[in-house]
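Accompanying notes for the structure given below.
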Amino acid sequence: MMASLREVDWPRFLRAPDGQLVARLYEPALRRAVRYDRCCAYFSSSVLAAAAAGFGAFIQRILDGEITRKPALRLLVNEELAEQDVRALLEAGKDGPLIQALLARLGTPETALQKGRLEMLAWLARDGWLEMKVGVMRQGDGILHAKFGLFVDRAEDAVVFAGSGNESAKGIRGNYEKLEISRSWTDPERHEHFRAEFELLWSGEDPAVVAVPLPDAVRDELIKLAPEAPPVAEPQDNLRRQRAAMLWAYAMEAPYMPEGGAATCDAMAPVTLWPHQRHVVAEVAEAWPQGRLLCDEVGMGKTVEAILTLRRLLAGRGVKRALILPPANLLPQWQGELREKGGLRVPRLEGPKTLIWPDGSKEAVSGLAEALQQDLLLLSRETARSEAN
């Protein structure tokens, strides 16, 4: 079945830096489009890498024969040149200043993610699927600052987006950006406007902007990054994953550290402690195995203190099991508080033979003895102090 852009419920507006630009626009569009035209930002490693988000699926569709027309991708980037350099470029074909500026911007990929995505672009450029042009202001003052794009599928249906979105690492992940999205089958006037705008710019006939083919010297530098095998797997940002792994490794070891463990345990809790609660939690946890009574006034957070103390005792203080005995009518409330405020998943015993977990799932047990085999258990104090128990 032919992939269609009409299959997707496209949002009218998207914003960054919430990750929605890639997940809800670029990736689903590139899984269905056979052409992609983009007027974006400066020619640079980060811009090109961000522009290649979702290209793995596009390359796979080329290999599968779903995309046959070259170039399938047209990127129009911008560059600012001095007026005399523009005149030399247009009148004498001297592209030295342009080449120098573009090579300086291309630079070296900063991360594994950038390198992987640039490899995708390089492979597409080497095999003729990608064509790039550089938009230069004819008067040599200012830049081509329009940001818009069109995805077109085999049925010539198109999804159009335009707005402030910068196709750069910072633009997608850091800036506040806003895009408006429309569909050719519901808003043909907007589609025709941006289609004609891109074709005018691409042709080089725009009265204010000249589109120059990417110089061979710059294209050659990009193509050097092309791998032999088609890069269909979406690259991962290894540096970010490694940093996350280091943080998690520290978090797992922190409870056993003399100073940092307790603070880390509290910092990773779903709630933030008030100053007086930090003092209480620290004192009660350090007093273990001696006991303490929590005697704050109503509303001062005794429940949070108890739960956060339990977190500390379970995390590196030698406590393996805990039995929590609230009044019967407060069992569900305590179970929710343990989950919400402490991140602790504790079953509660309801009746003589039923364990209920925080998600509502039930587990049958033979009786109290089997229930007590749980490392953490909520049991009503009425049940606990009955004569049989």
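Residue numbers count from 1 along this sequence.
- With sequence neighbours left out, the ring pair (Phe, Tyr, Trp, His ring centres under 6.0 Å) criterion links Trp10 to no other residue.
- Heavy atoms from other residues, nucleotides or ligands lying under 6.0 Å from CG of Asp9 number 12 at most.
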Exercise. For Arg35 and Ile67, what are the C-alpha separation, side-chain angles and deciding distance, and is it a side-chain contact (heavy atoms from CB on, under 4.5 Å)?
Worked result: CA-CA 8 Å; Arg35 297 200 309 277; Ile67 299 172; over 6 Å; no
Problem set entry | Candidate pair Ile59 and Trp129, rule side-chain contact (heavy atoms from CB on, under 4.5 Å), full reasoning | CA-CA 9 Å; Ile59 292 174; Trp129 297 103; over 6 Å; no
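- With hydrophobic clusters built from ILVMFWY side chains whose heavy atoms lie under 4.5 angstrom apart, Val365 shares a cluster with Leu377.
- For the atom pair OG1 (Thr68) and CD1 (Ile62), the distance works out to 10.0 Å, reported to the nearest 0.5 Å.
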Contacts under 3.5 angstrom, residues 344-357 side chains, donor-acceptor by atom type, not counting sequence neighbours:
residue, atom, partner, partner atom, Å
Arg348, NE, Glu350, OE2, 2.7
Arg348, NH1, Gln335, OE1, 2.4
Trp357, NE1, Glu363, OE1, 3.1

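- Under the 4.5 Å side-chain heavy-atom criterion for grouping Ile, Leu, Val, Met, Phe, Trp and Tyr, Val212 is connected to Leu73 within one hydrophobic cluster.
- Contact check for Pro275 versus Arg278: side-chain heavy atoms found under the 4.5 Å cut-off.
- A 4.5 Å side-chain heavy-atom check between Gln277 and Val304 finds at least one atom pair inside the cut-off.
- His276 places no side-chain N or O within 3.5 Å of a backbone atom of Gly301 that could act as its donor or acceptor partner.
- Between the side chain of Arg312 and the backbone N or O of Asp266, no donor-acceptor pair lies under 3.5 Å.
- The cluster map of Ile, Leu, Val, Met, Phe, Trp and Tyr, joined by side-chain heavy atoms under 4.5 Å apart, puts Val319 and Val284 in different clusters.
- Proximity of a side-chain donor or acceptor of Glu337 to a complementary backbone N or O of Trp334 within less than 3.5 Å is not detected.
- A side-chain donor-acceptor contact under 3.5 Å links Arg126 to the backbone of Pro227.
- Looking only at atom types and distance, the side chain of Thr383 has no donor-acceptor partner in the side chain of Ser386 under 3.5 Å away.
- Here the closest non-hydrogen pair linking Leu313 and Trp288 is CD2-CB, 3.7 Å.
- Remark: Lys302 NZ to Asp296 CG distance equals 6.0 Å, nearest 0.5 Å.
- Within a 6.0 Å sphere centred on CD of Glu156, other residues, nucleotides and ligands contribute more than 12 heavy atoms.
- Minimum interatomic distance between Ala226 and Ala122 (heavy atoms only, all atoms of both residues): N-CB, 3.5 Å.
- For the pair Arg12/Ile181, no side-chain contact is recorded, criterion being any heavy-atom separation below 4.5 Å from C-beta on.
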For this session: Mind running side-chain contact (heavy atoms from CB on, under 4.5 Å) on Phe151 and Leu25 for me, showing each step along the way?
Result: CA-CA 10 Å; Phe151 299 100; Leu25 177 61; 4.1 Å; yes
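- To the nearest 0.5 Å, atoms NE2 (His193) and OG (Ser182) are separated by 10.5 Å.
- Between Arg292 and the options Glu286, Glu283, Glu305, a salt bridge (Lys or Arg N to Asp or Glu O under 4.0 Å) holds for only Glu283.
- Nearest heavy-atom pair across Pro270 and Gly342 is CD-C, 3.9 Å.
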For this session: Show your reasoning for whether salt bridge (charged side-chain N to carboxylate O under 4.0 Å, His left out) applies to Arg6 and Asp157.
Result: CA-CA 8 Å; Arg6 297 195 184 210; Asp157 287 329; 2.7 Å; yes
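- Going from atom CG of Leu75 over to atom CG of Leu214 covers 10.0 Å, rounded to the nearest 0.5 Å.
- Counted within 6.0 Å of CZ on Arg190, heavy atoms from surrounding residues, nucleotides or ligands total more than 12; the atom is thus considered enclosed.
- Val280 and Leu310 fall into different hydrophobic clusters, where Ile, Leu, Val, Met, Phe, Trp and Tyr are joined by side-chain heavy atoms under 4.5 Å apart, directly or via other members.
- At a threshold of 4.0 Å, the pair Asp206-Arg138 does not count as salt-bridged, since none of the basic side-chain nitrogens sits closer than that to a carboxylate oxygen.
- The shortest distance between side-chain heavy atoms of Asn389 and Leu368 falls below 4.5 Å.
- Using a 4.5 Å heavy-atom cutoff, the side chains of Leu150 and His191 are in contact.
- Gln374 CD to Leu323 CG: the interatomic distance, rounded to the nearest 0.5 Å, is 11.5 Å.
- The aromatic rings of Phe198 and Trp202 sit parallel, their planes meeting at an angle under 30°, below the 60° perpendicular limit.
- The closest side-chain heavy-atom distance from Arg311 to Met268 is below 4.5 Å.
- At least one side-chain heavy atom of Leu130 sits under 4.5 Å from a side-chain heavy atom of Leu121.
- Between Ala269 and Leu308, the closest heavy-atom pair is CB-CD1, 3.5 Å.
- Using a 30° and 60° split on the angle between ring planes, Tyr26 and Phe161 fall in the perpendicular class, above 60°.
- The two residues Trp274 and Gly299 make their nearest non-hydrogen contact at CZ3-O, 3.8 Å.
- For the atom pair Glu7 CD and Asp153 CG, the distance stands at 8.5 Å (nearest 0.5 Å).
- Cluster annotation: Val152 is not connected to Val160 through the hydrophobic network of ILVMFWY side chains, with a link wherever side-chain heavy atoms come within less than 4.5 Å.
- No side-chain donor-acceptor contact under 3.5 Å links Asp37 to the backbone of Gly149.
- Remark: the backbone N or O of Ser366 is paired with a side-chain donor or acceptor of Glu370 at under 3.5 angstrom.
- With hydrogens and angles disregarded, a donor-acceptor distance shorter than 3.5 Å links the side chain of Arg219 to the backbone of Ala125.
- Although no hydrogens or angles enter the test, the distance criterion places a donor-acceptor pair under 3.5 Å between the side chain of Arg38 and the main chain of Phe148.
- Contact of the Ile324 side chain with the Leu338 side chain is registered, since non-hydrogen atoms from C-beta on lie closer than 4.5 Å.
- Evaluation of the ring pair (Phe, Tyr, Trp, His ring centres under 6.0 Å) rule for Phe58 yields no partner, not counting sequence neighbours.
- In this structure, the side chain of Lys341 does not engage the main chain of Thr303 through any donor-acceptor pair within 3.5 Å.
- Residues Ser380 and Leu325 approach most closely at O-CD2, 4.4 Å, considering heavy atoms.
- Checking side-chain atoms of Glu180 against main-chain N and O of Gly163 turns up no donor-acceptor pair under 3.5 Å.
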